Chemist: 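Input: one structure, supplied below.
Proteins come first, then strands; the chains are lettered A, B, ... in the order of their sequence lines, and each starts at number 1. Being a predicted model, the structure only gives us computed values, none of them experimental.
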2 protein chains.
Amino acid sequence: MALQSGEKPMFTGYISSKPNSSWTLLGLRLVAFLATAAATLVMLLNKQTKTFVVATIGTTPVNVTLTAKFHHTPAFVFFVIANGVASIHNLVMIMVDLLGSKLDYKDLRFAMIAILDMVNVALVSGGATAAAFMAELGKNGNSHARWDKICDKFGKFCDQGGGALIASFIALALMLLISVMSIIKLLNSHKSHSVLPN
Amino acid sequence: MALQSGEKPMFTGYISSKPNSSWTLLGLRLVAFLATAAATLVMLLNKQTKTFVVATIGTTPVNVTLTAKFHHTPAFVFFVIANGVASIHNLVMIMVDLLGSKLDYKDLRFAMIAILDMVNVALVSGGATAAAFMAELGKNGNSHARWDKICDKFGKFCDQGGGALIASFIALALMLLISVMSIIKLLNSHKSHSVLPN
């Protein structure tokens with residue numbers, strides 16, 4: 001929609017007036033929301049109970065039942081908080097994007113979104129990276145610190161945690177892309193300030 | 001230095017033409033660089049050798065010498081890489097800020113800086129958070145995973161790592177602040193486009 005400076009755009013409705021780049025951003029934001037929400041839920045529901053035979057008295061085995069839960073590891077708790085907060089942020093941003101075109105102060109809004117996006121990128125990056133290194137420790141152990149691997153015993157727990165990690169890193173990549181696009185949008189907004197509706 | 005639109009600024013030299021906000025940003029950037037560089041070096045040099053008596057044969061003690069090094073823990077290696085890259089980034093940005101005022105494409109430059117700042121915020125956030133949770137494990141252990149604490153044996157190693165972590169989190173806070181200021185600078189740059197030199 002190329003408009004000359006000073007020419008007023010014809011609004012036939014909100015949907016048709018939204019430029020393609022905004023729809024791309026909205027789509028990316030929706031996928032990022034789904035990825036952070038999936039990461040939060042998959043980690044939140046991560047639990048495995050297993051019974052081990054630790055001794056045998058006569059012919060009677062002595063069993064110990066152990067449960068691996070995400071909240072036993074602080075890094076996984078932070079992972080859930082970080083991805084949960086980012087989910088809420090992405091959901092709010094989607095609503096702002098859908099409703100906010102009717103609001104004024106467009107540049108300030110773009111700047112606020114860019115800043116909030118960046119803070120959430122930092123949060124998800126911290127949560128995903130910390131959980132990834134803790135997962136690596138669970139998978140391989142650390143002989144120097146005498147920390148044994150636990151994934152040989154709790155395979156399902158580790159696989160499910162791995163799934164949550166993949167979802168979170170996909171979300172991180174998308175949120176980085178969204179942040180870059182937010183900054184570029186801020187850069188371009190002035191150029192089309194008086195001619196384009198959003 | 002308030003200039004009316006259209007009025008040409010009088011240049012008495014580069015230094016006096018730089019607005020106060022740019023000097024604040026440059027100062028913050030310098031402190032952030034020092035913090036990331038300190039975090040990198042303090043972690044890089046983190047090493048403690050200790051001799052333990054593991055048994056006694058007759059009256060002769062059997063000693064084992066163990067060394068704790070940062071590179072035994074993948075999270076600490078990533079911490080060094082992340083803070084090292086951020087140090088280089090901050091140093092390059094300081095040089096761009098000092099020399100770049102002579103370059104054109106100011107808005108594009110501000111946008112590139114804002115994007116690179118954000119990527120480095122994500123990097124330092126990941127490095128610092130992962131190392132913090134690994135340090136917490138070293139300090140407190142994790143009884144569920146049967147990972148014993150090691151800071152009771154390697155106190156100096158843990159204290160030095162803690163120092164590096166504090167430096168990195170100070171850098172992260174400063175880099176978040178710088179990124180926010182970069183985005184606001186991008187927002188404001190158009191308003192003062194034709195009247196202020198930088």
Chemist: Crowded around Lys50(B) NZ? As in, over 12 foreign heavy atoms under 6.0 Å?
Modeler: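 Buried by this count: over 12 neighbours within 6.0 Å.
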Chemist: Verify the cluster assignment for Leu174(B) and Val96(B): are they in a single hydrophobic cluster under the rule of side-chain heavy atoms below 4.5 Å apart?
Modeler: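 Shared cluster, no.
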Chemist: Examine whether an atom of Thr73(B) lies under 4.5 Å from a heavy atom of chain A, and if so say whether it belongs to the side chain, the backbone or both; otherwise answer neither.
Modeler: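 For Thr73(B), the contact with chain A is made by backbone and side chain together.
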Chemist: Would you mind telling me which of Asn140(B), Thr129(B), Asp117(B) has the largest number of heavy-atom pairs within less than 4.5 Å of chain A?
Modeler: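 Greatest number of close heavy-atom pairs with chain A: Thr129(B).
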Chemist: Check whether Ile150(B) gets within reach of chain A through its side chain, its backbone, both or neither, counting any heavy atom under 4.5 Å.
Modeler: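 The side chain, not the backbone.
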Chemist: Is atom NZ of Lys139(B) surrounded by more than 12 heavy atoms (other residues, nucleotides or ligands) closer than 6.0 Å?
Modeler: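 Not buried by this count: 12 neighbours or fewer within 6.0 Å.
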Chemist: Is there a continuous path of hydrophobic side-chain contacts, each under 4.5 Å between heavy atoms, that joins Phe70(B) to Met134(B)?
Modeler: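 Both belong to a single hydrophobic cluster.
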Chemist: Drop me the distance from Ile183(A)'s CD1 to Ile113(B)'s CD1, to the nearest 0.5 angstrom.
Modeler: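 Here the rounded value is 11.5 Å.
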Chemist: Name all pairs fulfilling the ring-ring contact (aromatic ring centres under 6.0 Å, His included) condition that reach into residues 119-145 of chain A, sequence neighbours left out, sorted by first residue then second.
Modeler: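 Qualifying pairs, neighbours excluded: Phe133(A)-Phe78(B), His144(A)-His72(B).
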Chemist: Given the options Ala128(A), Ala130(A), Ala145(A), which has more heavy-atom pairs under 4.5 Å with chain B than any of the others?
Modeler: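 Ranked by heavy-atom pairs under 4.5 Å with chain B, first place is Ala130(A).
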Chemist: Is it possible for you to say whether Ile94(B) and Trp23(B) belong to one hydrophobic cluster, with membership spreading through side-chain heavy-atom contacts below 4.5 Å?
Modeler: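 Yes, because Ile94(B) and Trp23(B) connect within a single hydrophobic cluster, where side-chain heavy atoms sit under 4.5 Å apart.
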Chemist: Given heavy-atom pairs under 4.5 angstrom as the criterion, report whether the side chain, backbone, both or neither of Leu172(A) touches chain B.
Modeler: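 For Leu172(A), there is no contact with chain B at all, as no heavy atom is under 4.5 Å.
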Chemist: Is Leu66(A) close to Arg146(B) at the side-chain level, that is, under 4.5 Å between some pair of heavy atoms?
Modeler: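 Of all side-chain heavy-atom pairs linking Leu66(A) with Arg146(B), at least one is under 4.5 Å.
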Chemist: Among Val124(A), Leu123(A), Ile115(A), Val121(A), who wins on heavy-atom pairs under 4.5 Å with chain B?
Modeler: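 Among Val124(A), Leu123(A), Ile115(A), Val121(A), the one with the most close pairs to chain B is Ile115(A).
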Chemist: If I take atom CE from residue Met175(A) and atom CE from residue Met118(B), how far apart are they, to the nearest 0.5 angstrom?
Modeler: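 If I round to the nearest 0.5 Å, the distance is 10.0 Å.
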Chemist: Quick one: what part of Asp148(A) sits under 4.5 Å from any heavy atom of chain B, side chain, backbone, both or neither?
Modeler: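 Contact with chain B involves the backbone of Asp148(A) alone.
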Chemist: Decide if atom CE of Met112(A) counts as having more than 12 heavy atoms of other residues, nucleotides or ligands within a radius under 6.0 Å.
Modeler: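 At most 12 heavy atoms, drawn from other residues, nucleotides or ligands, come within 6.0 Å of this atom.
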Chemist: Closest heavy-atom contact between Ala122(B) and Ser125(A)?
Modeler: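 Heavy-atom minimum between the residues: O-OG, 2.5 Å.
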Chemist: Flag yes if more than 12 heavy atoms outside Leu45(A) fall under 6.0 Å of its CG atom; otherwise flag no.
Modeler: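 Yes - once you tally the heavy atoms of other residues, nucleotides and ligands closer than 6.0 Å, there are more than 12.
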Chemist: Find the one option among Leu137(B), Thr67(B), Val119(B) whose heavy-atom pairs under 4.5 Å with chain A are most numerous.
Modeler: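 If we count pairs closer than 4.5 Å to chain A, Leu137(B) comes out on top.
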